Amino acid sequence: MSNAEMVRLLEQYADLNEINGENSFKVRAYRNAAEAVASLGESVAARVEAGEPLTDVKGVGKEIAEKLTVMATTGRFPQLEDLAKKVPPSLIELTRVKGVGPKLVQSLWRTLGIASVAELEGAILAGKLAGLPGVGAKKLEAVQRGIEAYHRNVGRTRLGEVDFIVEPFLDKLRAVPGVVRLEVAGSYRRRRETVGDVDLLAATNADTASAAITHAFAAYPEVAEVLGSGETRSSVRLKNGIQVDLRVVPEDAFGAALLYFTGSKAHNVALRQVALDHALHLSEYGLFEGGADPDRPATPGSAGRRVAGRTEEEVYARLGLDGVPPELREDRGELVAAAAHALPDLITLADVRGDLHMHSTWSDGRATVVQMLEACAAKGYEYAALTDHSKALAMTGGLDEAKLARQWEELDEVLAEARPRSSEAPAGRAGVTLLRGMEVDILKDGTLDLSDEWLERLDIVLVSVHSHFELSQAEQTARVVKAVSHPQVNVLAHPTGRVLGERDPYAIDLAAVFEACLANGVAVEHNASYQRLDLSDVNLMAAKARGVTVTLGSDAHSVDQLATMRYGVDQLRRAWLTSADVLNARPLAEVRRFLRKGRG
DNA sequence: GCCGTTTTCGGCCCGACTGTTTTCAGTCG
């Protein structure tokens, strides 16, 4: 059984236990264990086979280790199967409806036999919900709104699509008088590959400004519906279905609030624990001396004297920690590293010296080679690899050997013109070295869609899977391993084939693929297109752990798409990568040395 | 169920908002 499957089952077990009214700490323990497995970076099954104890994994104790072992060896989770007989798994879907939590689900199931969103809708129409304990007219309305939102917005929105919405909204709100700070927090700030709700955080210098921004927030033209509004918190749903929350906080607590609302939840929990270890108390209002007094009402500031809170750095510093970049705040060891002053010097967009994956009008790109090169020059790149598709992708106009030869004739001309032989040389693309490459299809049997002769002539050979996604894991792994073992291959592009929100990764043993890449001097790509972002952050961490070189490619099919590089850098940062881990953060000479694999 | 220079029991992050209540439970983040 794969780690992903184990994660899914552990989460399901946690959810069902929660609905069943089980001890909330036990529920959390299973969620923590699921998270631990998800970010493990190695196969649990392999670990079990090797006899390495699972209890070494933080968050996995004796009980869960046993359950994981059973899953790994038998492919089953008997306790979950038993629980599912008492609590139907379809109830989990009900808790995804906003306004419906575990307690209400339990009540719906026990008293009315409701076990699905569809049945809930039916019961509301039939007037059966009124009279249930805790359900009045307003609650009923909230549940109905929740159901509408559920249908409209199942799943999350890709980061690159949220940007288009968020940036203009921010501009509007920043213009409100009295707003001194406005930031996006949440998973958007952590640069997760997809975003659920958008969390905005504002600091104002007067109470009147706080009312003004709340008003401007609700009055934004793209707002379809105001979901809730209070003195410090408001929520709206935009016309495209995305929910946006606004919090207004005092300026001197902005850092603590930004920290808190950026999360992740796991990071916050861990950070608060660090605060407690220092006999301090952390909330979104600041870091306080003296613990909260349980006998007094928990009003802001009642917890003691504030010792930090204006900036995030101030809070971290008071806890003896270096400032943690938002991308790392996932409770994957960043606090330990911050305490040891050992956080990685994360790669930045400015470190990227070239783009190693782009298309032109020679296959399915929309811009010519010259246009792409000029755009790369404008970005200050030292080099760029032209990597059009091969002939197997007929619909993209992929290149066969004859067409590739014609492309090279054009490249000869382009390069001759670009050479600064006189003052009339086109300044635009001067300075960008073109690497002649191709994105060659991996055929079903693992052979490559281009002759060896041409593979040898290319400066850089990317290989990738664009077909036969449904092969078994063993077949897919063997296919890809065979491809990267070809002596002329340099980069395995978008290694899992996923398309966010559209297509799951195909079944493949990445550990085996990484081993083959390492043995053959092949790099794995992080495809920076925000539809793909493949490899994922967790898989990138695993690649780095095995010593595999990573490349970054925009996979641009137009000049505009070259800019998606920033989303790729986001994910590399989330994976703790530094510029030293990334091939195209190195100077051209080093890149060439890597591509030659030590040959001539 | 997990964890441990407060270790094998007794903790486990914290607060806002809403609605249904008459002092609080549920939900959310």
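Numbers restart at 1 for each chain; the letters A, B, ... are given by sequence-line order, proteins then strands. Owing to the predicted nature of the structure, the values given are computational and were not obtained by experimental measurement.
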Taking [atom1] from [X] and [atom2] from [N], how many angstroms apart are they, rounded to a whole number?
X	N	atom1	atom2	answer
Phe25(A)	dG10(B)	CZ	P	15 Å
Glu35(A)	dG1(B)	CD	C1'	17 Å
Phe261(A)	dG15(B)	CZ	P	12 Å
Leu246(A)	dC28(B)	CG	C1'	16 Å
Asp277(A)	dG11(B)	CG	C1'	13 Å
Leu276(A)	dG11(B)	CG	P	14 Å

Could you measure between the two [atom1] atoms, the one in [N] and the one in [M], and give it in whole Å?
N	M	atom1	value
dG11(B)	dC17(B)	C1'	28 Å
dG26(B)	dT22(B)	P	15 Å
dC14(B)	dT7(B)	C1'	26 Å
dT8(B)	dC13(B)	C1'	24 Å
dC2(B)	dT6(B)	P	23 Å
dC9(B)	dA16(B)	P	37 Å

Taking only side-chain N and O atoms of [X], does any of them lie within less than 4.0 angstrom of OP1 or OP2 on [N]?
X	N	value
Arg28(A)	dC13(B)	yes
Tyr285(A)	dA16(B)	yes
Lys265(A)	dC14(B)	no
Ser283(A)	dC13(B)	no
His281(A)	dC13(B)	no

Contact class for [X] (heavy atom, under 4.0 Å): base, sugar-phosphate, or nothing?
X	value
Leu271(A)	nothing
Ala137(A)	sugar-phosphate
Pro133(A)	nothing
Thr232(A)	sugar-phosphate
Tyr30(A)	sugar-phosphate
Val97(A)	sugar-phosphate
Val100(A)	sugar-phosphate
Ser229(A)	sugar-phosphate

Next on the checklist: Taking pairing as Watson-Crick or G-U wobble with both contacts under 3.5 Å, can you name the mate of dT8(B), or confirm there isn't one?
Outcome noted: none
Checklist entry - Parallel under 30°, tilted from 30 to 60°, perpendicular over 60°: which one fits the rings of Phe217(A) and Phe169(A)? => result parallel
Checklist entry - Does NZ or CZ of Arg191(A) come closer than 6.0 Å to the centre of the six-membered ring of Tyr188(A), within 45° of the ring's axis? => result yes
Next on the checklist: I want to know whether Tyr285(A) and Tyr260(A) have ring centres closer than 6.0 Å.
Outcome noted: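 No, they do not, as the ring centres are separated by 6.0 Å or more.
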Next on the checklist: I'd like to know if Glu183(A) and Arg189(A) make a salt bridge, using a cut-off of under 4.0 Å between side-chain N and carboxylate O.
Outcome noted: no
Item to check | First encountered from the 5' end of DNA chain B, between Leu104(A) and Ala142(A) | outcome: Ala142(A)
